[in-house]
Amino acid sequence: MEFPFDVDALFPERITVLDQHLRPPARRPGTTTPARVDLQQQIMTIIDELGKASAKAQHLPAPITSASRMQSNRHVMYILKDTSARPAGKGAIVGFLKVGYKKLFVLDDREAHNEVEPLCILDFYIHESLQRHGHGRELFQHMLQKERVEPHQLAIDRPSQKLLKFLNKHYNLETTVPQVNNFVIFEGFFAHQHRPPATSLRATRRSRAAAVDPVPAAPARKLPPKRAEGDIKPYSSSDREFLKVAVEPPWPLNRAPRRATPPAHPPPRSSSLGNSPERGPLRPFVPEQELLRSLRLCPPHPTARLLLATDPGGSPAQRRRTSSLPRSDESRY
């Protein structure tokens with residue numbers, strides 16, 4: 001793959017390793033050094049074009065490799081250039097291989113879930129005109145040596161049929177362990193779990209973060225002193241004396257209920273079956289004088305009024321006038 005700028009001067013080595021910072025590698029002595037911004041822009045252009053070519057070769061709807069993705073993820077990209085052919089004296093790019101550590105949940109041979117963080121093959125592309133020339137094996141072998149990992153310890157993200165045949169031909173990886181995600185692992189993956197080396201980018205970042213901002217240890221929690229056995233007072237009967245003392249309830253619960261005064265003249269007991277011989281009067285006893293006074297004050301019943309109106313003896317007013325006269329006067333008439 002050709003570019004309008006000098007690829008050979010941008011990448012001095014045959015295989016160049018780029019991380020998320022996309023920094024241009026050190027240049028050879030005696031060569032002119034362009035502006036650093038221009039070099040980084042050229043690197044971003046190469047990564048974007050390689051991602052588009054890989055997506056087209058794998059029939060993907062969108063590229064999975066780009067400069068912006070490289071800057072936002074902790075991935076490593078191995079770029080292989082062609083040193084033999086120098087079209088117009090600017091060099092060419094053969095292909096690339098992108099890898100990165102990912103935390104995955106995978107199934108083993110017993111279909112048990114395992115949380116692992118292996119090195120994953122994320123994208124692999126060799127130009128169509130330079131395939132079957134050993135470039136892919138050269139690039140893949142360089143990555144294995146650099147990352148210190150075995151082929152059966154890798155996890156491949158959505159591999160194509162060409163990549164599966166490549167791994168079977170050069171590394172005898174044929175039997176896969178079925179998974180429920182898009183990653184493919186081979187037999188022997190769980191035999192020796194690969195961990196990132198101490199000199200890797202992940203370990204370096206963790207060590208720097210710990211040195212800059214060490215996490216303070218949590219203070220030890222002090223427990224209360226244990227109570228001596230001699231200070232414990234046994235539970236005796238004297239301690240239970242307060243339970244026997246009757247506590248007076250609060251007002252108005254402490255007021256004793258009033259008892260009804262028995263009547264001076266209890267009513268006669270009834271011998272009927274429905275009445276109880278011990279039942280008291282339903283109403284309090286009223287003296288006879290008070291009963292008569294209440295009868296005088298109460299108005300006459302409408303029926304009584306009707307009877308008085310029909311009485312031939314005269315009107316009530318006339319009877320009252322005549323009844324008010326002394327008895328001797330009535331005898332005169």
Side-chain angles (χ1 to χ4, degrees), residues 1-2 14-18 46-66 69-70 73 75-85 92-102 104-109 111 114 116-194:
M1 182 177 293
E2 302 175 3
R14 177 170 172 79
I15 299 179
T16 303
V17 183
L18 298 176
I46 292 176
I47 294 175
D48 290 339
E49 294 299 326
L50 289 175
K52 294 177 182 178
S54 176
K56 183 179 179 180
Q58 301 180 56
H59 305 285
L60 300 177
I64 58 177
T65 299
S66 62
R69 288 175 178 266
M70 284 290 298
N73 295 279
H75 297 160
V76 178
M77 191 170 182
Y78 295 83
I79 299 178
L80 175 64
K81 75 171 185 177
D82 189 3
T83 56
S84 59
I93 299 296
V94 177
F96 74 98
L97 175 61
K98 186 177 72 171
V99 297
Y101 287 94
K102 284 185 173 294
L104 305 175
F105 289 91
V106 295
L107 301 176
D108 54 12
D109 300 335
E111 297 185 356
N114 298 270
V116 295
E117 192 173 4
L119 184 67
C120 303
I121 305 298
L122 304 177
D123 203 356
F124 188 23
Y125 170 73
I126 299 295
H127 195 269
E128 290 79 4
S129 61
L130 298 174
Q131 293 180 4
R132 301 182 182 276
H133 289 77
H135 299 299
R137 178 179 172 83
E138 178 186 2
L139 184 59
F140 203 91
Q141 192 66 28
H142 181 85
M143 182 273 302
L144 294 177
Q145 295 177 0
K146 187 74 174 178
E147 298 293 337
R148 301 177 186 179
V149 65
E150 297 296 330
H152 62 270
Q153 297 173 336
L154 298 172
I156 298 92
D157 184 13
R158 292 175 291 186
S160 61
Q161 292 298 325
K162 288 185 178 181
L163 180 55
L164 294 176
K165 292 179 180 179
F166 171 84
L167 296 174
N168 185 19
K169 176 181 178 181
H170 297 288
Y171 301 102
N172 297 325
L173 298 178
E174 182 179 3
T175 306
T176 61
V177 181
Q179 302 296 321
V180 295
N181 49 27
N182 296 326
F183 285 85
V184 174
I185 60 176
F186 293 91
E187 187 178 10
F189 177 83
F190 297 97
H192 302 283
Q193 280 297 322
H194 172 70

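- A search for side-chain hydrogen bond (donor to acceptor under 3.5 Å, both in side chains) contacts involving Asn114 returns Asp108, not counting sequence neighbours.
- Contacts of His135 classified as ring-ring contact (aromatic ring centres under 6.0 Å, His included), with partners at least two apart in sequence or in another chain: none.
- Nearest heavy-atom pair across Pro118 and Leu104 is CG-CD1, 4.1 Å.
- No more than 12 heavy atoms of other residues, nucleotides or ligands sit less than 6.0 Å from atom CD of Glu187.
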Could you please spell out the steps behind the side-chain contact (heavy atoms from CB on, under 4.5 Å) verdict for Lys162 and Lys165?
CA-CA 5 Å; Lys162 288 185 178 181; Lys165 292 179 180 179; 5.9 Å; no
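- Taking the six-membered ring where the residue is Trp, Phe140 and Phe166 present perpendicular rings, their angle passing 60° and hence far from 30°.
- Lys169 meets the side-chain contact (heavy atoms from CB on, under 4.5 Å) test with no other residue; sequence neighbours excluded.
- To the nearest 0.5 Å, atom CD of residue Glu147 and atom CD of residue Gln153 are 12.0 Å apart.
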Tell me, with the steps shown, if Leu107 and Val180 meet side-chain contact (heavy atoms from CB on, under 4.5 Å).
CA-CA 8 Å; Leu107 301 176; Val180 295; 4.0 Å; yes
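- If you run side chain to side chain contact (heavy atoms under 4.5 Å, CB included) between Ile121 and each of Arg158, Lys98, Met143, only Met143 comes through.
- Residues satisfying the side-chain hydrogen bond (donor to acceptor under 3.5 Å, both in side chains) criterion with Glu138, sequence neighbours excluded, are Arg14.
- The ring-ring contact (aromatic ring centres under 6.0 Å, His included) test applied to Phe183 returns no partner, not counting sequence neighbours.
- Residues forming a side-chain contact (heavy atoms from CB on, under 4.5 Å) with Pro159 (at least two apart in sequence, or on another chain): Ile156, Leu163, Leu164, Val184.
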Apply the test side-chain contact (heavy atoms from CB on, under 4.5 Å) to residues Val76 and Lys146: give CA-CA distance (whole Å), side-chain angles for both, the deciding distance (0.1 Å), then the verdict.
CA-CA 11 Å; Val76 178; Lys146 187 74 174 178; over 6 Å; no
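- In this structure, the side-chain contact (heavy atoms from CB on, under 4.5 Å) partners of Asp109, at least two apart in sequence or on a different chain, are Val177.
- In this structure, CG on Leu18 lies 14.0 Å from NE2 on His75, to the nearest 0.5 angstrom.
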Pair Phe190, Ile185 - check side-chain contact (heavy atoms from CB on, under 4.5 Å), show working.
CA-CA 9 Å; Phe190 297 97; Ile185 60 176; 3.8 Å; yes
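- In this structure, Thr175 has no side-chain hydrogen bond (donor to acceptor under 3.5 Å, both in side chains) partners at least two apart in sequence or on a different chain.
- Shown here are the side-chain contact (heavy atoms from CB on, under 4.5 Å) partners of Ser54, two or more places apart in sequence or in another chain: Gln58, Phe96, Asp123, Tyr125.
- Summarising the geometry of Ile64 relative to Leu122, their closest heavy-atom pair is CD1-O, 3.6 Å, with the distance given to 0.1 Å.
- Residues satisfying the side-chain hydrogen bond (donor to acceptor under 3.5 Å, both in side chains) criterion with Gln141, sequence neighbours excluded, are Tyr171.
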